[in-house]
Amino acid sequence: MSYNFNSIEEKWLEKWKDEKVFEPRPEGKKFLLTVPWPYCNGALHIGHGRTYTIGDIVARYKRMKGLNVMYPMGFHISGTPILAFSKKIENGDEATINLYRSYLELYGDDPSKVSEFSVPSNIAEYFSDKIINDFTNMGFSIDWTRKFTSGEPIYNKFVEWQFRFLRDKKLIKRGDYPLLYSAEEGNPVGEDDILEGDTDKVSITQFTGVFFYVGDDVLLASTVRPETLDGVTNLFLNPKAQYCRIRMNGKTFIVSSRAFEKLKYQRDAEFVSNVKVEDYIGKKAKEPLNSREIPIFPAKFVDPDIGTGVDYSVPAHSVWDHVGLLEISEAPDYIYVIETKDQTLSMEDVRKKFGISGLDDKDKLVEATKYVYEKEYYHGKIVTGKFKGNIVKDVKDRISEDLVQSGIAIPIYETSRKAETREGNPVMVAVIKNQWFIDYSIEEWKEKVRELIEKMDLRPDSLRNQFLQTVDWIKERPCARKRGLGTKLPMDNAWIIESLSDSTIYTVVYTIIPFLRQMKFEEIDDELFDFIFFGKGQLSQKGEATRKIAEEARNEYLYWYPVDLRHTSYPHISNHLTFYLFNHVAIFPPEKWPIGISTGGMVISEGQKMSKSKGNVYPLLTIKRKYGADLFRMYLASNADVWYDVDWRTSEVENYSKKLDRFFSLLEDARNSKGEPDEKDLWIVSRMIDRITRSSKNYDSMKIREATVELFFNALNDIRDLENFSGKERALRAVKKFGKEWVLSLSPVIPFVAEEIYSMYGENGFASLQTYPSMENVYREQESEWNFIESIVEDFRSITKVSPIRPKKMIIGTAEEWKWKLLEESKSRDIKQMIKEATPERREFLLTLMKKKDLTQNIRNEREVLERYREDLARYLNVEISISEDASYTKKALPGRPAIRLE
RNA sequence: GCGGGGGUUGCCGAGCUAGGUUAAAGGUACCAGACUUAAGAUCUGGUUCCGUAGGGAUUCGGGGGUUCAAAUCCCCUCCCCCGCACCA
């Protein structure tokens with residue numbers, strides 16, 4: 001290490017802070033950039049750093065382009081995770097306690113303090129502090145004076161205002177809604193609450209419970225394939241299971257006892273009596289469509305814990321049923337109701353295909369069922385009944401609805417797989433009554449959002465389609481839960497606004513939060529927000545001081561809003577970002593709607609998804625200590641394009657460190673070099689100027705990777721070539737000509753190094769606040785000359801590669817004057833005509849010209865250039881060089897491509 | 001299935017929305033060499049195949065087509081990843 005990143009970073013952090021470099025005043029052309037606020041329930045790792053780093057690079061670049069940039073940040077604490085963790089710590093859950101101990105250790109705090117985390121707000125506070133620290137250390141140019149959290153009272157007031165507004169606009173409604181639920185815990189359960197819920201997702205599946213009549217009772221058979229009802233041949237009950245009679249809507253139903261336990265959370269169901277399964281097996285039941293009498297058989301494969309524990313059997317379309325009947329040696333008629341591509345799928349063929357010998361081949365049966373289901377679902381045509389001629393997938397839902405409407409079936413919800421909570425209780429589906437929704441299904445609302453999407457600045461381009469698609473399928477979204485941290489629903493305090501719904505327009509709060517903080521808490525109310533955002537009312541009830549602050553807040557809002565760019569990772573597209581658009585459209589006037597959105601990829605580590613078990617999760621803090629912020633930023637910026645995933649590979653990171661080191665010492669040495677550069681070396685200045693200009697365009701379109709590859713890697717390679725050709729001293733003198741501009745152009749990516757070098761070059765201000773460099777390129781000619789020389793070097797190499805001789809001498813013959821003339825002429829004339837008129841010698845040359853349209857011909861004075869470079873070139877290639885005009889040497893030469901003879 | 005994104009030279013990954021200047025950027029790995037007592041670091045050259053002269057042949061998931069010319073455009077096909085919701 002020739003530079004000590006720790007001391008450099010500390011030094012500049014302090015200076016930035018002292019001079020409030022990143023706390024913008026409302027002056028000039030503004031640029032408001034936001035990145036979703038982090039959820040603070042643990043230490044940040046490299047994955048978290050990415051979006052904020054990209055955000056910061058953009059912020060810093062825009063700042064250098066003369067915009068007044070605000071990059072604010074707050075913290076998200078709503079929802080269940082923090083609550084869940086603190087509860088686990090309170091309950092002594094060992095894994096959680098160890099995890100949080102490790103966080104404390106990481107930050108150098110006393111691990112025994114872990115018990116304090118049993119209070120949720122302590123978790124939020126502790127980690128938000130640490131995140132501020134981590135982010136600051138990463139060099140993020142965040143204005144922390146605008147910080148707030150989704151849990152603080154002022155923010156609660158704002159969200160309450162928002163929800164009353166939505167309610168008044170009739171965008172909020174109530175209804176029954178199925179949710180994953182734990183009866184034992186008395187709560188809905190989310191992914192985090194379910195054992196392996198993150199890796200093996202659980203969703204809600206709708207079953208159709210179909211009525212089969214036996215005397216006065218109804219056997220309630222559940223199915224996910226209501227389209228096969230016409231093909232039913234019998235019912236199956238599990239002879240080992242307990243069944244019971246229950247009453248719902250005045251009818252009595254027979255279901256498994258386990259089913260009743262779950263059903264009562266979905267509808268009003270009342271226990272009547274236990275029943276003996278033997279009393280039903282062997283009897284006949286009447287199916288509801290055509291009142292056919294069908295037998296009831298025993299079957300051990302029927303799981304009393306799935307659906308209702310009553311299975312209707314369609315052996316023509318179900319492998320289970322087919323195999324189940326084989327086992328009890330029953331051979332009913334196979335009634336086919338679905339055909340796939342003009343033929344029916346034979347269950348016997350499927351059984352053989354999958355090598356199923358009996359009901360014990362469970363895995364094979366599951367696989368075969370999936371096969372049959374997919375085939376018949378996507379390609380199956382219904383051949384009987386009301387829906388004849390339709391493809392299953394097109395009418396499946398309608399069939400179920402139709403059965404329910406006809407009064408012969410009810411919907412039943414079931415989990416997509418058997419699951420239990422982390423506390424070990426079964427997960428089931430409960431229908432929550434009077435759930436609150438935001439009704440995103442309203443067509444006029446959608447239409448406005450679509451209009452917004454059409455005109456927004458979206459990156460990458462494919463975002464537009466993804467958003468439009470999301471708008472199409474989005475419907476009502478439950479917006480409140482019964483537990484978690486957050487804002488209470490103003491219409492009903494028993495509910496807490498759900499954590500994504502409480503963070504849809506919070507970006508506007510950044511613009512006014514410092515002013516809200518100056519007010520008396522009681523004075524922050526709906527009237528105030530109406531005034532600030534809509535200019536409504538006079539605030540005549542409020543004090544003089546409050547009115548004045550409110551006025552300022554309104555001006556600040558008008559100045560900063562809307563958000564110019566919101567940057568985040570792609571998983572947010574179909575939820576957060578879409579809600580963000582919907583809510584802005586509903587609440588704000590069009591000129592305050594979002595202007596741009598960009599999405600980026602995630603971070604994987606050592607080629608794999610990050611996970612604790614793989615040991616490839618690196619905390620941000622450790623990375624910063626080990627490599628420094630600039631290195632981290634450089635790696636993230638240049639490893640992958642913004643919208644692709646970055647792969648964090650430690651071995652590669654180490655290599656970056658060497659490069660950054662070289663960059664630093666190179667600029668340091670250049671600064672100390674004395675004297676004017678050699679004219680011949682100025683090609684590097686030309687290349688650099690063009691690089692800096694091109695990179696500005698790349699930064700603009702968020703091609704950050706391309707910018708850094710150009711400005712950093714390719715530039716370093718050029719300088720290496722220059723050093724080799726001209727020697728270190730000369731190279732440094734040339735680098736000195738653009739050192740300052742070079743480092744400024746990279747300052748958005750490596751701000752600390754940039755500041756250090758910038759000041760090393762004798763400048764007083766902050767590199768971070770300089771204008772992005774632009775230099776006039778007056779060295780194009782030198783670059784062309786160098787390109788010419790370089791091509792000779794390449795040719796020399798490719799010859800020596802295949803030729804066995806070790807050359808002592810290189811004789812170069814440049815193209816004769818007549819060739820140049822012909823070339824010139826060919827540009828304005830039909831070359832075929834010229835060939836016809838030409839002498840044999842010229843003709844050959846013209847034919848070559850026709851083939852090689854790419855001849856480099858920037859240098860007209862090749863001989864003169866060669867003379868000038870001869871000495872350097874000879875030293876570099878370690879050969880003696882002579883330039884010959886002798887026809888034997890020039891014969892094969894072309895303009896831009898002199899003939900080379902090695903001896 | 002729907003929607004989105006991909007399949008490129010050992011690996012990662014550009015280029016492909018303006019077809020030729022691309023055997024194909026950059027990184028990494030590997031081989032040879034320089035330096036060094038040695039290793040590491042650094043630097044140089046090389047890494048599809050053939051070739052005693054800067055050349056040629058074959059490559060960009062597979063197949064077909066358009067074109068003087070295709071990794072790049074069109075059609076068909078195979079495979080992979082992500083999202084499809086109440087979870088931050």
Side-chain angles (χ1 to χ4, degrees), chain A residues 36-41 76-82 177 179-180 188-194 197-198 201 203-204 374 377-379 391 393-394 435 437-438 440 460-470 472-481 484 498-501 503 570-576 578-579 601-602 607 635 638-641 643-647 649 651-652 655-656 658-659 661-662 703 705-706 708-710 712-714 716-717 720 723-724 791-792 794-805 807 850-856 892 897-902:
Chain A
W37 44 11
Y39 189 80
C40 35
N41 66 329
H76 199 204
I77 68 165
S78 331
T80 51
I82 288 182
Y177 197 75
L179 279 180
L180 293 176
V189 291
E191 198 176 289
D192 296 331
D193 308 310
I194 297 169
D198 48 346
K201 294 202 179 193
S203 58
I204 295 171
E374 282 185 1
Y377 180 74
Y378 294 118
H379 309 291
I391 299 296
K393 76 177 170 69
D394 298 331
Q435 168 71 48
F437 297 93
I438 298 180
Y440 291 121
D461 292 337
S462 59
L463 263 186
R464 201 174 313 278
N465 267 336
Q466 294 198 56
F467 272 127
L468 289 173
Q469 167 72 15
T470 308
D472 283 344
W473 66 247
I474 198 169
K475 14 180 226 229
E476 305 89 348
R477 178 186 168 88
C479 63
R481 324 176 61 173
E498 174 272 330
S499 57
L500 276 179
S501 300
S503 307
Y570 57 75
H572 281 142
I573 296 167
S574 63
N575 45 59
H576 165 71
T578 301
F579 303 153
M602 318 274 277
Y635 188 85
S638 64
N639 181 273
D641 271 323
W643 25 90
Y644 294 119
D645 291 349
V646 157
D647 189 359
R649 288 174 189 265
S651 62
E652 290 196 23
N655 282 306
Y656 270 62
K658 289 169 208 154
K659 285 263 191 309
D661 220 28
R662 175 168 146 71
K703 289 182 184 165
R705 174 177 206 256
E706 200 164 325
T708 51
V709 167
E710 279 258 8
F712 194 68
F713 295 97
N714 292 348
L716 283 173
N717 285 350
R720 188 192 59 208
E723 278 181 0
N724 288 331
S791 75
I792 290 175
E794 265 167 42
D795 286 346
F796 174 84
R797 290 239 164 89
S798 44
I799 296 168
T800 50
K801 205 172 107 187
V802 285
S803 167
I805 64 164
M850 215 165 78
K851 270 189 267 172
K852 299 205 169 211
K853 288 177 183 165
D854 55 305
L855 276 184
T856 18
K892 281 168 79 185
R897 191 90 199 273
I900 295 170
R901 169 106 210 137
L902 300 185

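Just so we're on the same page: letters track the sequence lines, and every chain starts at 1. Below, each value reflects all heavy atoms present in this structure, side chains not excepted, and no hydrogens, waters or symmetry copies.
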Of all residues at least two apart in sequence or in a different chain, which pass the ring-ring contact (aromatic ring centres under 6.0 Å, His included) check with A:Trp37? A:His76, A:Phe148, A:Tyr155, A:Tyr506
Pick base, sugar-phosphate or nothing for A:Thr800, based on heavy-atom distances below 4.0 Å to the nucleic acid. nothing
Applying the Watson-Crick and G-U wobble criteria at under 3.5 Å, what pairs with B:G83? Answer none if nothing qualifies. B:C2
Answer whether the closest heavy-atom distance between the side chains of A:Arg477 and A:Ser501 falls below 4.5 Å. yes
What distance, rounded to whole Å, do you find between the two P atoms, one in B:G56 and one in B:A39? 41 Å
With rounding to the closest Å, how many angstrom separate the C1' atoms on B:C50 and B:C43? 31 Å
Indicate, with a heavy-atom threshold strictly under 4.0 Å, whether A:Trp643 touches base, sugar-phosphate, or nothing. nothing
Mind checking A:Asn41 for me? I need base, sugar-phosphate or nothing, with any heavy atom below 4.0 Å counting as a touch. nothing
What integer distance in Å separates A:Gln469:CD from B:G3:C1'? 4 Å
Given the P atoms of B:U47 and B:G65, what is the spacing between them in whole Å? 34 Å
Please state whether the rings of A:Tyr177 and A:Phe437 are parallel, tilted or perpendicular, taking 30° and 60° as the class boundaries. perpendicular
Expressed as a whole number of Å, how far does the P atom of B:G7 sit from that of B:C73? 12 Å
Protein-nucleotide distance (A:Tyr570, atom OH; B:C87, atom C1'), rounded to Å: 16 Å
Just name whichever nucleotide pairs with B:A18, Watson-Crick or G-U, keeping both distances under 3.5 Å, else none. none
If I pick the C1' atom on B:G27 and the same atom on B:A14, what distance separates them, to the nearest angstrom? 11 Å
Rounded to whole Å, the OH-P distance (A:Tyr635 to B:U28) equals 10 Å
Going by purine N1 to pyrimidine N3 plus the second Watson-Crick contact, or the G-U wobble pair, all under 3.5 Å, which nucleotide sits opposite B:G26? B:C12
Min side-chain heavy-atom separation A:Leu902-A:Phe796 under 4.5 Å: yes
Taking atom C1' of B:U28 as reference, at what distance in whole Å does atom CZ of A:Phe713 sit? 11 Å
Between B:G40 and B:G33, how far apart are the two P atoms, rounded to whole Å? 13 Å
A:Asp645 versus A:Met602, closest heavy-atom pair with distance: OD1-N, 2.8 Å
Identify, between A:Arg797 and A:Leu902, the residue whose nearest nucleotide on RNA chain B lies closer to the 5' end. A:Arg797
Between N or O atoms, less than 3.5 Å apart, protein on one side and nucleotides 8-15 of chain B on the other: list the pairs.
| unit_1 | atom_1 | unit_2 | atom_2 | d |
| --- | --- | --- | --- | --- |
| B:G13 | O2' | A:Arg705 | NH1 | 3.2 |
| B:G13 | O2' | A:Arg705 | NH2 | 3.1 |

Heavy atoms only, 4.0 Å cut-off, all strands: where does A:Pro36 land among base, sugar-phosphate and nothing? nothing
Would you sort out whether A:Ser638 and A:Tyr656 count as a side chain to side chain donor-acceptor pair (under 3.5 Å), showing the intermediate values? CA-CA 10 Å; A:Ser638 64; A:Tyr656 270 62; 3.1 Å; yes
Sugar-phosphate only, base, or nothing, as touched by A:His76 at under 4.0 Å among non-hydrogen atoms: sugar-phosphate
Taking atom C1' in both B:C60 and B:G19, what distance in whole Å separates the two? 15 Å
Applying a 4.0 Å non-hydrogen cut-off, can you work out what A:Asp472 is touching in the nucleic acid: base, sugar-phosphate, or nothing? nothing
Within the structure shown, what part of the strands sits under 4.0 Å from A:Leu463 by heavy-atom distance: base, sugar-phosphate, or nothing? nothing
Report the distance from atom OH of A:Tyr39 to atom C1' of B:C86, rounded to the nearest whole Å. 14 Å
Position toward the 5' end of RNA chain B (nearest nucleotide), A:Gly79 or A:Ser462: A:Ser462
Any A:Ser798 side-chain N or O less than 4.0 Å from OP1/OP2 of B:A53: no
On the nucleotide B:G27, are OP1 or OP2 found under 4.0 Å from the side-chain N or O atoms that A:Asn717 carries? yes
Student check: side-chain heavy atoms of A:Glu476 and A:Gln435 closer than 4.5 Å: no
Which part of the nucleic acid, if any, lies within contact of A:Lys475, taking any heavy atom under 4.0 Å across all strands shown: a base, the sugar-phosphate backbone alone, or nothing? base
Suppose you measure atom P in B:A23 against the same atom in B:G55; what distance do you get, rounded to whole Å? 10 Å
Rounded distance in Å - CD (A:Gln466) to P (B:G3): 12 Å
Those residues at least two apart in sequence (or on a different chain) that pass side-chain hydrogen bond (donor to acceptor under 3.5 Å, both in side chains) with A:Arg649 are A:Asp647
Which whole-number value in Å describes the distance from A:Glu710 CD to B:A25 C1'? 10 Å
Take atom NZ of A:Lys659 and atom C1' of B:G26, then tell me their distance rounded to the nearest Å. 9 Å
Re B:A34: Watson-Crick or G-U wobble partner, both distances kept under 3.5 Å, found to be B:U42
If pairing requires Watson-Crick or G-U wobble contacts with both distances under 3.5 Å, which nucleotide is the partner of B:A57? B:U48
What pair of heavy atoms forms the shortest contact from A:Ile77 to A:Cys40, and how long is it? CG2-SG, 3.7 Å
